[in-house]
Amino acid sequence: MDSVRHLIEIALKEDIGPGDITTENLIAPDLEGSGVILAKEPLVIAGLDVARQVFEHLDPEVIFKSDYKDGDAVVAGDMVAHVEGKLRALLMGERTALNFLQRLSGIAGHVRSYVDEVGKTKVRLVDTRKTTPGWRILEKYAVRIGGAHNHRMGLYDGILIKDNHIAVCGGVKKAVERMQKHRSHLLKIEVEVSELYQVKEALGAGADVIMLDNMNIAQIREAVGIVDGRAMVEVSGGITKSGLKQLADTGVDIISVGALTHAARSVDLSMQIKSFQT
């Protein structure tokens with residue numbers, strides 16, 4: 001929550017700066033009113049609590065209500081939330097609150113479409129570190145709201161030996177063996193491979209998870225056969241929504257998709273002031 005509050009503070013400072021010239025010259029400090037946030041297209045809502053915190057940061061007495069919860073489907077024209085309090089706070093917080101809602105809801109709905117494509121298989125659909133700088137905790141939250149799962153949060157909470165690590169260490173076996181000496185017993189070792197011989201190397205060295213990078217369907221099926229349940233198998237690279245079901249049918253355990261976050265667009269929401277005291 002501290003990270004989210006910090007993001008809100010940065011966003012408000014970026015937008016308001018030393019003061020809202022328009023609002024502060026047109027709206028009296030004690031003037032109160034209410035507004036509604038409306039969906040202008042079908043969407044999966046995410047970020048309601050963040051939007052609430054935006055307004056509360058500007059006026060702790062603001063009342064933010066919604067009949068929805070994050071993860072709910074919303075149709076175009078629906079009232080997503082009702083907000084009331086000091087009009088200055090509502091107007092100054094409007095764009096920042098909407099920016100959070102539009103981005104997070106966009107990711108949630110985008111992810112939901114991928115999850116629906118996979119269907120009721122046992123495959124776990126996960127995100128990557130391809131997130132907006134500073135927004136990772138929120139964007140990965142939106143991924144969960146959309147129905148998928150998170151891969152590691154950052155470089156600090158999961159071991160993933162990638163191609164450049166392997167090149168520097170002199171091969172898959174050497175990299176895994178070196179990592180075995182330093183890892184906690186609580187952490188799994190994942191290795192990224194792009195060739196079938198590397199699958200055998202990673203397996204022989206004791207890797208817990210083997211990521212198949214940019215392999216075709218035939219190679220993936222063969223790799224799954226080589227592993228034969230002795231490690232988890234993840235696929236990544238060049239994955240499209242239309243190809244998810246075919247990938248799931250190969251027997252892999254995890255499909256990681258950077259597009260869950262980096263290819264999602266913001267959805268369209270607006271806020272309208274509905275009443276005010278004169």
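The chain is numbered in sequence order, starting from 1.
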Minimum-distance pair of heavy atoms, taken over all atoms of Arg136 and Arg129 | NH2-O, 2.9 Å
N/O donor-acceptor pair under 3.5 Å between Ser105 side chain and Ala46 backbone = yes
For Asp157, look at atom CG and say whether over 12 heavy atoms of other residues, nucleotides or ligands are found less than 6.0 Å away.
-> yes
Test Lys140 against Thr131 for side-chain hydrogen bond (donor to acceptor under 3.5 Å, both in side chains), laying out the working first.
-> CA-CA 8 Å; Lys140 281 181 171 281; Thr131 54; over 6 Å; no
Does Glu32 pair with Lys86 as a salt bridge, N-O distance under 4.0 Å?
-> yes
Answer with yes or no whether the hydrophobic clustering places Val115 together with Ile107; edges join I, L, V, M, F, W, Y residues whose side-chain heavy atoms lie under 4.5 Å apart.
-> yes
Is Thr96 reaching over with its side chain to a backbone N or O of Gly93, donor-acceptor style, under 3.5 angstrom?
-> no
Is a side-chain donor-acceptor pair under 3.5 Å present for Glu139 with Thr132?
-> yes
ILVMFWY network linking Leu7 to Val50, side-chain heavy atoms under 4.5 angstrom | yes
Looking only at heavy atoms, which two atoms of Ile239 and Leu244 are closest? And how far apart?
-> CG2-CD2, 3.7 Å
Measure from the side-chain N and O atoms of Asp15 to the backbone N and O of Leu12, and report whether any donor-acceptor pair falls under 3.5 Å.
-> no
Examine the side chains of Asn150 and Tyr141 and answer whether a donor and an acceptor come within less than 3.5 Å of each other.
-> no
Would you be so kind as to tabulate the donor-acceptor pairs closer than 3.5 Å made by side chains of residues 188-199, with sequence neighbours excluded?
{"residue": "Glu190", "atom": "OE1", "partner": "His151", "partner atom": "NE2", "Å": "3.4"}
{"residue": "Glu192", "atom": "OE1", "partner": "Asp163", "partner atom": "N", "Å": "3.2"}
{"residue": "Glu192", "atom": "OE2", "partner": "Lys162", "partner atom": "NZ", "Å": "3.0"}
{"residue": "Gln198", "atom": "OE1", "partner": "Ser194", "partner atom": "N", "Å": "2.9"}
{"residue": "Gln198", "atom": "OE1", "partner": "Glu195", "partner atom": "N", "Å": "3.1"}

Report whether Leu269 and Val44 are members of the same hydrophobic cluster (ILVMFWY, side-chain heavy atoms less than 4.5 Å apart, transitive linking).
-> no
Hey, are Glu234 and Arg152 close enough for a salt bridge, meaning a charged N less than 4.0 Å from a carboxylate O?
-> no
Are side-chain N/O atoms of Asn99 and Arg103 paired as donor and acceptor at under 3.5 Å?
-> no
Establish whether Ile10 and Val4 are linked, either directly or via other cluster members, by ILVMFWY side-chain heavy-atom contacts under 4.5 Å.
-> no
Does the pair Glu177/Lys181 count as a salt bridge with the N-to-O cut at 4.0 Å?
-> no
So, does Asp78 use its side chain to make a donor-acceptor pair with the main chain of Val80 at under 3.5 Å?
-> no
Is it possible for you to say whether Leu247 and Ile254 belong to one hydrophobic cluster, with membership spreading through side-chain heavy-atom contacts below 4.5 Å?
-> no
Residues Asp70 and Arg144 bridged, charged N to O under 4.0 Å = no
Does Asp116 pair with Arg112 as a salt bridge, N-O distance under 4.0 Å?
-> no
